[in-house]
Amino acid sequence: MRERGQARWRNWVARRIPPAAQVQLNQRRIFIMPNRVGAAFGLMLFLLLLAAINYENSLAYGLTFVLAAVFIVAILHTYRNFTGLVLKAGSSGAVFVGEQARFRVRLESVGSPHHAVGLGWPQGELQTLDVPENGQRECELSLPATRRGWLRPGRLRVESRFPLGLLVAWSWVDLDQAVLVYPKPLAGDLPLAAGAGQDEEDEGSRASGQGADDYQGLKTYQPGDSKRRLHWKAYSRGQGLLVKDFAALAGRDLWLDFLAIGGDPEARLSLLCHWVLQLDDRQQPYGLRLPGSELAPDYGDAHREACLRALALYGVAA
Amino acid sequence: MSSVQPIPRIALTWLLVAQVLVILPHLLHLPPWIIGLWLFCAGWRIQVFRMRATYPGTLVRVGLLLATAAGVFLSRGSLIGLDAGVLLLVATFILKLLEMRSRRDALVLIFLGFFVVVTAYLFDDSLLAALYSLLPVTALLAALIGLQQSGVAVQPRATLKLAVTLQLQALPLMLLLFVFFPRLGPLWSLPNPNKAFTGLSDSMAPADIAELSRSDALAFRASFSSPMPERSELYWRALTLEHFDGRRWSQSAGAKQIGGADWRKQGPALDYSIVMQPSGKPWLFALDVGLSNQDGVRQMSDFRLENRQPVVQNLLYQVSSWPQALRQVELPPAVARRALQLPEQGDPRSRAWAEELRSQHGQDQALVAALLQHFNREPYGYTLKPPPVGADSIDEFLFRTRKGFCAHYAGAMTFVLRAAGIPARVVAGYQGGELNPAGNYLSVRQFDAHAWVEYWQDGKGWISVDPTFQVAPERIELGLEQALAEEQSFLEESPLSLLRYRDVGWLNDLRLTWDNINYGWQRWVLGYRGEQQLHLLQRWFGTLDWQRLALALVGGGGVLLGLVALWLFKPWRRERDPQQRLLRGFERALARHAVIRQRGEGMRAFAHRAARELPVQAAAIQAFARIYEAQRYAGQPSAPDELRAALRQLRRMLPWRKSPGA
């Protein structure tokens, strides 16, 4: 019963405030109610009124009415402080399971300022911030990433109690944000599909650029190239950004293969994740084979992202 | 939200300021140790805030509470009752400082503060007190704002401005509520503050009225709707004193009966309304015999008016008086007995003199005339400083000292009349009053207190006479100040009283204006209770029913709230998107030159067409369109300055109106 009610409520809110990367708060999206402080204030007004009635004191009536009218006017103020606020989804980077996913939200004011706007997930504490007139503020909300795949936070609660704290104006906003959660890296040995010898783990020699891979020369830097292969000496000579280009030797390709490992699928993904990070760290080309997909051996940030993404989304409905 | 949110520094400051402002008016009636308690608690709380001290433990708190309760008991002799209650409330308000840890505690403190402000009204509801109370209320609202986590809350000026704005915007709504909210009678009776009242008491030794004459406190104000009588006819009756014990005149039990006295209206009526200062006594003031159809006001068996309850706050009532009315042509035996009562013994010379007069004058009227003549001829004096008299007070006054105040003359005359067999009684009240020309009303003060005599005559009923008039006619015709001009004793103990400087023109004008404002305050604000409200609303709306009232209240409230909303939201500046707003400006500028954007016409197409039609301004038009498109669709920074500059440029180039030749 309660669940069905909640589901209906969610549907209603979803129809009223559909998910969007940018939401402006307006009368369709704002709810406003006295909160507990407001209720206590109301009780106080009632007691003041009783005193006024029983003592037939005009000034007591007067003060009661002033405060009651302030309460009513505060509805307008609370609403005004809230309406027109624009919420925009900011970029949010991927994280690994067990980390905190960070969602950036930008609050923009078109016109009047917004004071003490609270923002957060319904279950947690709200962050409070002021948005200046015609200005913007960014805030970062975190949510623990517990499962790999896409992490979609629920609706954000945005609220404001300014100026008197007697009323709360709030809205539920879905900024259509999602963060990709990679599997948690898990250290372990990997049965390698093609001849990666243990002797090749010597970091020192690799760092000096004398590895098994073939040094092919320099090429101009393109976004996505590893920054660790930047030719700084050339850069300092004013030759622009160049990267040292290596080509993996044929037949020495390293394959990370899901099917080659035993055990629980999640553990396998975690292990693969660990090795993707390890190999990427060593600038060693590697390929990834998952049931149903295959990423050819390569290296670099883009390749790493592609591999991690494949691991994160393996078996998950995108 | 967790309830242990700390209190921001600014809110604590506001709270301390508000506390001082809230408590200040109470200091007039609270014991001084409350100041010490506040300083102690505030000091401790500040040290807590500065991390130099910790919150008091339970033991200390309980100890403080008990000590405070003991202090209240010692100061008030009780822990219940309004006076002790207010003291307890203020003490709680102060002690709460020491356990104010969270926002919620701060809220409790703020709400308590509003209560303390209201209790101050029970002790003083003057205009000044009302204006003053705006300060603590503003500070309490500021403290409420200070609890918010906003940049505004940490700026005292901005906070103050917001608190004042809120009140100003609430003002029309408040007035509406004040006028229309139905005034009910008290739901249950509550104790009233034990204020010290000055005024007449129900017994009078000669010195009592002289005592009152030293006070310039206001007794009541009266406005006439009929022509105002001469000053010498303004005898404001308050009560009759019938019982004499040889020294004091006091009210007899019989006079406390309600109604029953027979009288006949005669001659023209005087209509007036009186706003009375709280006296703590039930009796009201009226000229001669008066009637009021006010709820709770009744005529007593000795023709005076009395309120059902003692008057503890300003009371407004309407009276009609018939100065020429015939009162009790038939004297009931019980009344006659009371009006002839004398002590068994004492004052033998006066009694002998009464018998002598009786034997000389067969008719009562002649006897009274002879008595008055006696006061007039013999060297009697009018003074606020009468010489002391011994046991036979009437004898000593009549035959030895011969100097006295109205109470001496009234008492002596009544005594002699009774001794001569004529029913008589002392009437206590006020005589005269000061006319305020600005407001055309009379202010009657305590020094106008007066005592005179009424005696009963067969066929004519009760007749008022004033022996003081024979001795000091200027007292009746001009007032106490003139009567005491030689003695220079008028208000000599209150050198600061503005009344002493009536001859300084501008000061007197100022005093009268201020008095007039206060009178308006009492009539229209303090006196706005049940009947007054009904009266006013009936005058505005004709017949009155609650449906109409509710409609006026809700409808008026809606309109006022709408106005406040208009003020706040300024919907005429609705287009909140600055780009769109500038686009409207662009369209308007071009529309004046008959270039109107068609429905569905894109920005680029429109700009091309406009540039063709207005070739001189083509560059400016295109520039605006380019910037608009870049901002709108190319995701360039949305600061509107550049676009605004482009529009300004275009406007500068466009002539205001399309010239006929163009």
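Chain letters run A, B, ... following the sequence lines, proteins first, then strands; residues in each count from 1. Not measured: the values here are computed from a predicted model.
Neither the backbone nor the side chain of A/Leu43 comes within contact range of chain B; no heavy atom of the residue lies under 4.5 Å from a heavy atom of that chain. Heavy atoms of B/Leu140 lying under 4.5 Å from chain A are absent altogether. In this structure, chain B has no heavy atom under 4.5 Å from any part of A/Phe71. If you measure heavy-atom distances from B/Trp521 to chain A, the contacts under 4.5 Å come from the side chain alone. Contact annotation for A/Ala52: neither backbone nor side-chain heavy atoms come within less than 4.5 Å of a heavy atom of chain B.
Below 4.5 Å, heavy atoms of chain A meet heavy atoms from B/Leu173, B/Met174, B/Leu177, B/Phe178, all part of residues 171-180 of chain B. Contact annotation for residues 157-170 of chain B against chain A (heavy-atom separation below 4.5 Å, listed by residue number): B/Leu162, B/Leu166, B/Gln167, B/Gln169, B/Ala170.
Looking at B/Arg529, its side chain does come within 3.5 Å of a backbone N or O of A/Glu56 through a donor-acceptor pair. Although no hydrogens or angles enter the test, the distance criterion places a donor-acceptor pair under 3.5 Å between the side chain of A/Asn54 and the main chain of B/Leu187.
Rounded to the nearest 0.5 angstrom, A/Leu63 CG and B/Phe114 CZ are separated by 7.0 Å. Distance OG/B/Ser150 to CG/A/Leu129: 10.0 Å, rounded to 0.5 Å. To the nearest 0.5 Å, atoms CG (B/Leu184) and CD1 (A/Ile53) are separated by 4.5 Å. Between B/Leu107 atom CG and A/Arg36 atom CZ the span is 11.5 Å, to the nearest 0.5 Å. Annotation: the span from B/Gln148 atom CD to A/His115 atom NE2 amounts to 11.0 Å, rounded to 0.5 Å. To the nearest 0.5 Å, atom CG of residue B/Leu561 and atom CG of residue A/Leu76 are 5.0 Å apart.
Here the two rings, on B/Tyr121 and A/Tyr55, have centers that are 6.0 Å apart or farther.
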Next on the checklist: Run the side chain to side chain contact (heavy atoms under 4.5 Å, CB included) test on B/Phe115 and A/Met44 for me, step by step, so that the C-alpha distance in whole Å, both residues' side-chain angles and the decisive distance to 0.1 Å come before the verdict.
Outcome noted: CA-CA 8 Å; B/Phe115 272 102; A/Met44 179 196 75; 3.6 Å; yes

Item to check | A/Leu50 and B/Trp188: CA distance, side-chain angles, deciding distance, side chain to side chain contact (heavy atoms under 4.5 Å, CB included) verdict | outcome: CA-CA 10 Å; A/Leu50 275 188; B/Trp188 63 85; 3.9 Å; yes

Item to check | Candidate pair B/Val152 and A/Phe162, rule side chain to side chain contact (heavy atoms under 4.5 Å, CB included), full reasoning | outcome: CA-CA 10 Å; B/Val152 173; A/Phe162 194 81; 3.9 Å; yes

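Annotation: A/Asp176, atom CG; neighbour count of heavy atoms from other residues, nucleotides and ligands within 6.0 Å is above 12. Within a 6.0 Å radius of CZ in A/Arg16, more than 12 heavy atoms belonging to other residues, nucleotides or ligands are found. Surrounding CZ of A/Phe31 are more than 12 heavy atoms belonging to other residues, nucleotides or ligands, all under 6.0 Å away. Other residues, nucleotides and ligands contribute only 12 or fewer heavy atoms inside 6.0 Å of the CZ atom of A/Arg102.
You'll find the side chain of A/Thr83 reaches within 4.5 Å of the side chain of B/Phe569, heavy atoms only. For the pair A/Asn57/B/Val118, no side-chain contact is recorded, criterion being any heavy-atom separation below 4.5 Å from C-beta on.
In terms of heavy atoms, B/Gln149 sits closest to A/Thr128 at OE1-OG1, 3.1 Å.
Across A/Val86, A/Val37, A/Leu166, the residue that shares the most heavy-atom pairs under 4.5 angstrom with chain B is A/Val37. Ranked by heavy-atom pairs shorter than 4.5 Å toward chain B, the options A/Val73, A/Leu48, A/Leu59, A/Val66 are led by A/Leu59.
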